[in-house]
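Read through the structure below, which is laid out as structure tokens, and then see the notes.
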Amino acid sequence: IVCFIGRSNVGKSSLIKALFSLAPEVEVRVSKKPGHTKKMNFFKVGKHFTVVDMPGYGYRAPEDFVDMVETYLKERRNLKRTFLLVDSVVGIQKTDNIAIEMCEEFALPYVIVLTKIDKSSKGHLLKQVLQIQKFVNTKTQGCFPQLFPVSAVTFSGIHLLRCFIASVTGNLD
Ligand code: GDP
């Protein structure tokens with residue numbers, strides 16, 4: 001199992017569609033509950049993927065946090081890697097930090113994926129990448145040292161990320 005976690009709208013469903021567009025056996029429809037709840041939502045995608053949607057807006061309800069941690073720990077046995085999606089246009093936000101702190105606290109191996117890289121200019125993207133890379137190098141323990149910048153629109157970076165996932169899940173041909 002791998003897990004994709006990120007704020008609402010960061011591009012999780014789009015990324016999963018892009019990653020598995022060549023695998024029609026994987027059910028990629030991520031059902032979304034209408035309306036804005038402050039709760040974290042978990043979705044199963046196929047057998048091997050879990051998507052965690054974290055609504056933004058300064059979320060910090062302790063009971064939801066407990067829910068989330070429990071679900072994590074339940075799946076932990078099979079949880080190979082957590083992919084934390086960060087919008088490359090705006091960089092690391094408060095909600096992203098909560099997810100990072102959680103991964104660090106529970107010593108989960110995680111990887112930061114930068115989404116929507118087609119949206120900003122090369123200069124802006126480079127600035128964000130360098131800033132986030134510096135953050136990863138100096139402020140994290142469990143984060144994979146390499147960032148994965150991707151676009152679900154141009155498919156840039158998708159192949160490499162797909163190979164990486166195949167490699168960590170032991171599905172590399
Ligand atoms: P989720 O809420 O995290 O599942 O996010 P979605 O996958 O639904 O994407 C949120 C919005 O961002 C949608 O309007 C997508 O079309 C857009 N989006 C997602 N990925 C990309 C991308 O790589 N490039 C661009 N330009 N837009 C994207």
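Being a predicted model, the structure only gives us computed values, none of them experimental. We use all heavy atoms of the structure for the numbers below, so side chains are in, but hydrogens, waters and symmetry mates are not. In listed order, ligands and their atoms are each counted from 1.
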Check ligand 1 against [X] and write out every atom of the ligand that is under 4.0 Å from a heavy-atom position of the residue.
X: K12; answer: 1 (P), 3 (O), 4 (O), 5 (O), 7 (O)
X: R7; answer: 3 (O)
X: N9; answer: 1 (P), 2 (O), 3 (O), 5 (O), 10 (C)

Counting N and O atoms only, with roles assigned by atom type, does the side chain of [X] sit under 3.5 Å from a partner on the main chain of [Y], one being a donor and the other an acceptor?
X: R162; Y: L19; answer: yes
X: N97; Y: K94; answer: no
X: K139; Y: K134; answer: no

Strictly by ring pair (Phe, Tyr, Trp, His ring centres under 6.0 Å), give each pair with a member in residues 121-145 just once, sequence neighbours left out. F144-F164

Geometric N/O contact G11 with ligand 1, under 3.5 angstrom: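 There is such a contact, yes.
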
When only distance counts, is A152 in polar contact with ligand 1, meaning an N/O pair under 3.5 Å? yes

Regarding atom 4 (O) of ligand 1: of the candidates A18, S8, S13, S14, which has the closest heavy atom?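 Ranked by closest heavy atom to atom 4 (O) of ligand 1, first place is S13.
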
Ligand 1 versus D118: contacting region, heavy-atom distance under 4.0 Å: side chain

Heavy atom under 4.0 Å from ligand 1: found in K119's side chain, backbone, both, or neither?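 K119 to ligand 1: side-chain contact only, backbone stays beyond 4.0 Å.
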
Pairs of donor and acceptor atoms involving the side chains of residues 145-161, under 3.5 Å and at least two apart or interchain, shall be tabulated with distances.
residue, atom, partner, partner atom, Å
S151, OG, D118, OD1, 2.8
S151, OG, V153, N, 3.0
S151, OG, T154, N, 3.0
S151, OG, T154, OG1, 3.2
T154, OG1, S156, N, 3.3

